[in-house]
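Here the structure comes first, spelled out in structure tokens, and everything after it is commentary.
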Amino acid sequence: MNYEITKESTSNNNTFTLILLHEKDETKPQEKTLLDAMGFKCEQDTLSFIPTSRTLYSGITTKDDDSIRSSAAVATRHMLSKKLYTDIQILLNNQSSIDTLRATIEGVVLGNYAFTRYKSNQKIQLLKNLVIVVDSSLWDSMDEIKEIVKKAMIVAKSTNFVRDIVNTTPDDCYPKVMANIAKEIAKKYNLTCSILKPKELKKQKMETLLAVARASRHAPRVIHLAYTPQNPLYTITLVGKGLTYDSGGLSLKPSDYMTTMKSDKSGGCAVLGIMKAVSELEIPIEVHGFVGAVENMIGGDAYKPDDVLVAKNGKTIEVKNTDAEGRLVLADVLGYAQQKVKCDYIFDFATLTGACVVALGEYTSGIMGYADTPKNLLKEAAKNSGEMVAELPFNRHLKKLLKSEIADICNISSSRYGGAITAGLFLSEFINEENKDKWTHIDIAGPAFVEHNWGENPYGASGAGVRLMVSLLERLASSSK
Ligand code: BES
Ligand code: ZN
Ligand code: ZN
């Protein structure tokens with residue numbers, strides 16, 4: 001979607017105007033009468049279209065970023081399905097419309113999304129242009145407006161970019177393809193990129209990752225992207241679970257749990273999207289993104305329940321369930337990332353457990369870790385970002401449930417309860433002592449892929465993690481060290 005910031009509104013037939021309305025008194029008396037006649041009540045995400053002026057009204061119950069973003073997205077998505085217009089126009093005419101500009105633009109761009117790769121006739125035509133009309137009273141704020149629009153476009157487009165990769169099927173997106181996407185991002189956005197293939201992974205002693213990958217015809221990759229601005233304020237490491245398919249392995253998933261497991265690469269894809277966004281935004285923070293791209297399959301060569309694996313950090317792991325594969329992949333990638341980069345904070349993104357979805361529902365990510373500082377950064381960043389997080393607390397009793405009789409640790413807990421937390425505690429075993437307080441695990445199993453529309457998110461991949469982490473990095477950048 002292209003955008004244009006102008007001083008004059010257009011009234012061509014291909015353009016409709018979007019107005020987000022909190023109260024009908026905020027509009028002209030004539031329009032108010034029409035809206036009254038149509039029974040429009042300004043309720044959140046409800047719409048009313050006035051054809052004569054080609055104006056779409058979308059309700060907002062509260063004037064906060066989350067309501068605005070959602071309302072703009074619902075309105076945009078609705079217009080896509082009508083297939084009548086190619087351009088959307090929004091009007092800025094007071095300070096409040098500047099304050100909510102970022103959320104409005106994000107909503108429009110996030111709503112202007114459809115995954116049509118596998119449709120033989122691509123019925124949905126996306127809107128082509130966004131026209132932002134600035135009233136003369138705000139011309140003094142033009143620079144600020146330009147900056148806000150640019151940021152919103154980058155964040156929303158990066159989110160859509162992640163949605164596209166996650167929605168792609170496992171036969172079209174396997175580890176090598178993810179590595180190629182990383183290389184393309186690196187080239188386009190001036191990042192450094194290194195890709196580890198099986199030979200190097202073996203050299204790096206990433207045996208648990210290799211075990212998970214063994215039964216797949218698609219060899220694994222570990223991706224390392226780095227964004228290194230001059231004089232960075234902080235250094236941040238991001239690690240993503242990139243299971244391009246999770247069949248469960250020999251502990252095979254039942255068929256109705258296996259569908260949607262193309263989305264098990266969401267953490268890795270989020271890391272790719274964040275890397276793209278930070279470099280476009282030129283955030284003064286050094287960011288390293290690591291992705292473990294692996295496919296978990298069955299076959300004569302598959303790793304098994306009863307195997308004991310040795311992780312990169314030397315710890316031995318008794319495999320009791322091959323479907324708890326994400327933590328095995330992350331154990332090695334976390335080890336590699338810590339060896340490669342000394343940083344201020346480490347965040348990992350993973351669709352790690354169904355238990356996290358049971359605990360928090362489909363729309364909220366679980367955050368886990370020992371120290372309050374990085375968890376608080378995430379909680380603050382989530383506010384107004386459009387993403388939701390909630391803490392799942394570690395405790396020593398749950399940690400004991402990972403004990404193994406024959407190895408250092410088991411890959412699953414001995415209890416059926418608290419599975420999201422025990423998975424987080426398992427990962428903590430692969431965080432070096434000096435990094436324990438720098439690390440937070442983010443379980444995105446709920447929001448990464450949802451099989452219906454919700455707010456600004458469409459059916460399927462949401463791009464979870466991108467808006468959250470960009471918000472965190474922007475906040476860090478604007479606070480001095
Ligand atoms: N990828 C799944 C977790 C998942 C479930 C993500 C649902 C998104 C939606 C993960 O690899 C897995 O299978 N975890 C198991 C762990 C269990 C074997 C301890 C689970 O959640 O059932
Ligand atoms: Zn699994
Ligand atoms: Zn998985």
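Start at 1 with the first residue, then count along the sequence. Values below: every heavy atom of this structure, side chains too, minus hydrogens, waters and symmetry copies. Order of listing sets the numbers, starting from 1, for every ligand and every atom in it.
K83 and Q125 share no side-chain donor-acceptor pair at under 3.5 Å. There is no side-chain donor-acceptor pair under 3.5 Å between D344 and T235.
The aromatic rings of Y370 and W439 sit tilted, their planes meeting at an angle between 30° and 60°. Ring geometry for Y174 versus H218: interplanar angle under 30°, hence parallel rather than tilted (30 to 60°). The aromatic rings of F290 and Y336 sit perpendicular to each other, their planes meeting at more than 60°, with 30° as the lower class boundary.
For the pair R163 and Y113, the cation sits on the ring face: its NZ or CZ lies under 6.0 Å from the ring centre, inside 45° of the axis.
Summarising the geometry of L209 relative to G292, their closest heavy-atom pair is CD1-CA, 4.4 Å, with the distance given to 0.1 Å.
We find that D172 and R117 are joined by a salt bridge, their nearest charged nitrogen and carboxylate oxygen being less than 4.0 Å apart.
Using a heavy-atom distance under 4.0 Å as the criterion, the protein contacts of ligand 1 are K241, D246, K253, M261, D264, N321, D323, E325, R327, T351, L352, T353, G354, I412, A445.
Looking only at protein N/O/S atoms, the ones less than 2.8 Å from the Zn ion (ligand 3) make 4 in total.
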Report task. May I have the step-by-step check of salt bridge (Lys or Arg N to Asp or Glu O under 4.0 Å) for R102 and D65, ending in yes or no? Result -> CA-CA 8 Å; R102 181 157 179 174; D65 284 355; over 6 Å; no
